[in-house]
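Below is one structure, written out as structure tokens; the observations come after it.
Throughout, a chain's letter reflects where its sequence line sits, starting with A, and its residues are numbered from 1.
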Amino acid sequence: MNKIHRKYDVVVIGGGLAGLTAALSAKTHGNTVLIITKGFGSYYYGPGVIDLLGSRQGRAIKDPWLWMDKLPLNHPYQILGETRVGEAMKYFSRQLEDCGLSFLTYRNGGNFLLPTALGMVRPTYLAPLSLAQGDIRQGEKIKIFGVEGFSNFSPQLVATNILKEYRRLGIKGKADWGKLKLEKTYSRVISAYDLALILDNPEQVEEIIKQLLSQLDEEEKIGFPAILGLSNHRQVLAQIEEGTGRKVFEIPTIPPSVPGIRFHHCLSMLLCKKGIEYITGYPVLDAVIKGDEIKSVRVATPGKTTSIQGKKFILATGGLASDGLVSGPGWVREPLFNLPLYYRENVETWSRSSFWADQPYACFGIRVDENMYPVDEKGRPIFANLCAAGSILANFDGIGEKSTGGVDIATGFTAGREWGEG
Amino acid sequence: MREQQKDTIDLCLKCSTCNTVCPVYAVNPLYPGPKFLGPEMARLRDLRGAEVEMADYCIGCRQCQLACPNGVEIVSLIEETKVKGRRDKGIPFRDRILGHNQIVSRLASCIPGLVNLTLSSSSIRGLVEKIYGIKNRPFPTYQKAFSYKPDFSQSKKSKLKVAYFTGCYSRYNSPAIAQSVVNILKKCGVEVVVPPQKCCGVPLVSNGLTDEAKKNAEFNLKVLSKLVDQGYLIVASCPSCTLSLKQDYKLYGFSHGNKVASQVNDICEFLLDYQLVDEGQFLPLKRRYYYHQPCHTKAQGMGTPAVKLLELIPELIMIQGEQKCCGQAGTYGFKKEKFKISAAIGEKLFQDVTGSNADGIVTDCGMCSLQLTGGTGQKVFHPIELLAGSYRSSKNQDV
């Protein structure tokens, strides 16, 4: 019995959150799943949280489930239906627990309101413990600490703005700030990643605790930039909470985002554990198509291009930002399978001049049916063995409404489940 | 700089993902990281006084480029920074020795017994460290050079014919690997030739001897190109040689670069793709081995064909953990000032291997092999050695 190693049951193109979720839900004991991705995706510059639905007409939403059925009917959440979206989010949370990184939901299933590195407030749905503990509605006395030499995070700015947010939201609380000194001096610009590596060392953490104790008073909670360890994150968190007797929370910083790194590591371990193959570094160039069936895709590997055969394919290459969709004035194209897209031809209507307004171009992409098959304007599936998921889909503005993570997971889960059960 | 390379500088998002996967960045606080040494230095490099000594500390693992979300050609950008630094500062004698690995190995394999005895003496190595800066640590051993006479007397015409690029490690240090490659190919009915070949150039380039590397590439491409025209495919058993032939040679601009590159296969990749072996052909091997994927294997974007092949051997269990860099990085780990970094990089991998309680280790790269033996004390095998050792010719033979 010959096993050909370049033939898979399911081939996922794209290693972002949608692709990874699709691969996880497609994998069964008996099938073979491959993820082929040109790079790591956007984890390392994201905050490491999952947004389900966070904003409506520029205002933060407290309960995403209340607003889901108010979305346009062609929105991916509406196409799936609330029940399936909920099922996908629960599935994803269980997967994360499986590799030791619990993501929490806010009590009663609403959104968290977490502080940002500017001291503003961001709604989000699923967050790891260290970030979730920063929800500002607790209304406590908090102290935000920065690190000397780490210029990307200003504890003073954060504390000042959190106070303003407290007042704006009618929350009783105090916010103060302080600074810590780490002994190591670096010749390179320190990033959050550098600090997290340092703090993986318990002795360095003890040093921090000494300094904290000398600066703490009646504060109930202490906040840090997200630097509290990488491989030892759980121990670092526990060590500081024990050593200071206070609850600790983290605030994600500009890239490289340590919560993003932890999240990606966790997902990578999960892929390994489940026997999902993962190849990174080289983009998919094109596909071999016969009738309405995708036979194989070609990858731009060194030397000769590699041909990967699959029974079923999932396209999760992202939108305009990641070249999942390419564009020029007045046109947008999906470069791998030349799928029909929703977009506007008049380029003047693509964007609005106000930066914060809803941007029409953000909604361009692939139309799909309820099982994530790309369809034409009449709703007919284009290919028999191709599903799509994630930012490449049409009719939602993930950035404007804060829904990228949720759409990735819900559509990825559905696309993968379609093949996993098959 | 090539135009295409220049364009990719602007693709850099400054997200720092490359820094977070760089093995050197994680252990050395003085190392600026691939983001700076690659796309940022590309803009500063031509300014007078922009010298970057630390570019020399890049291990050439290429993980930065594999992780980049936007296609920046970080590897060749850092290479140019390195080369400029070398040109400005000159190349130390030690690096000339290490870079000319093929010449040194060829000489050593003429009197392997004596050389191995000498290099096994810690006091002699200590002296060498004092004079030349080559770290006093275990060295690879040398053996009589692999030699091969092609057998054209096969009665049936082989459908497949390959030219085997042995590389220096399997030619001079571990000819059992080269012998295993040839044996298994012949048993599969593949015609094998071992053409004249010069060092693939990887140790030359990483020590700044780029002109010589280019000359070697020209020679190798001429030889291999003729063979490709005659219908030969090319296989190699060392990941660095394979990657060099597949990717780096194309960058020199020689006319046969692309043609040859498109016919190059890692030996395990070749056996799998051409479906030359199957489950029934292997004797059982009841062991648990830890597979270490070399950085240069990962960089070929072909996954782990070695593991797929080894899974055909009955009762053999292959353990795979998170793929980490061993830190040897070719000639890097032999340098006195870099040895500590090399050891620090490999530390986590050694712990993983030891923690797995495996009976031994399997890896495709000779230098990884040396580092892993040193770091774990365990035996290391090339996948092809296990495959050849377990292979029995006839499919119909019962156990």
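For the options A/Gly303, A/Ser268, A/Gly281, heavy-atom pairs under 4.5 Å to chain B are most numerous at A/Gly303. Between chain B and the options A/Ile254, A/Leu197, A/Asp194, A/Ile198, heavy-atom pairs under 4.5 Å are most frequent for A/Asp194. Annotation: maximal heavy-atom pairing with chain A below 4.5 Å, among B/Gly321, B/Gly33, B/Gly257, B/Pro69, occurs at B/Pro69. With respect to chain A, the highest number of heavy-atom pairs below 4.5 Å among B/Tyr31, B/Tyr274, B/Phe36, B/Tyr249 belongs to B/Tyr31.
Here the side chains of B/Asp273 and A/Arg6 are in contact, with some heavy-atom distance below 4.5 Å.
No donor-acceptor pair under 3.5 Å is formed between the side chain of A/Tyr282 and the backbone N or O of B/Gln300. A donor-acceptor pair is defined here as one N or O able to donate and one able to accept, closer than 3.5 Å; such a pair exists between the side chain of A/Arg188 and the backbone of B/Tyr25. Without hydrogens or angle criteria, A/Lys304 side chain to B/Val264 main chain gives a donor-acceptor distance under 3.5 Å. For the pair A/Thr280 (side chain) and B/Leu66 (backbone), a donor-acceptor distance under 3.5 Å is present.
Pairs engaging residues 13-24 of chain B under the salt bridge (charged side-chain N to carboxylate O under 4.0 Å, His left out) rule: B/Lys14-B/Glu40 [sequence neighbours left out].
Residues A/Pro302 and B/Ala299 approach most closely at CG-O, 3.6 Å, considering heavy atoms. Between B/Thr20 and A/Tyr44, the shortest heavy-atom contact is OG1-CE2, 2.9 Å. Closest of all the heavy-atom pairs between A/Ile279 and B/Gly301 is CG2-O, 3.5 Å.
B/Lys259 NZ: more than 12 foreign heavy atoms inside a 6.0 Å radius. Under a cut-off of 6.0 angstrom, the local environment of CG in B/Leu227 is crowded, with over 12 non-hydrogen atoms contributed by other residues, nucleotides or ligands.
Scanning residues 233-243 of chain B against chain A with a 4.5 Å non-hydrogen threshold yields B/Leu243, sorted by number.
Between the CD atom of B/Glu322 and the SG atom of A/Cys272 there is a distance of 8.0 Å, given to the nearest 0.5 Å. Considering OH of A/Tyr45 and OG1 of B/Thr17, their distance stands at 7.0 Å, rounded to 0.5 Å.
If you measure heavy-atom distances from B/Leu13 to chain A, the contacts under 4.5 Å come from the side chain alone. Within the 4.5 angstrom heavy-atom criterion, only backbone atoms of B/Cys68 (N, CA, C, O) approach chain A.
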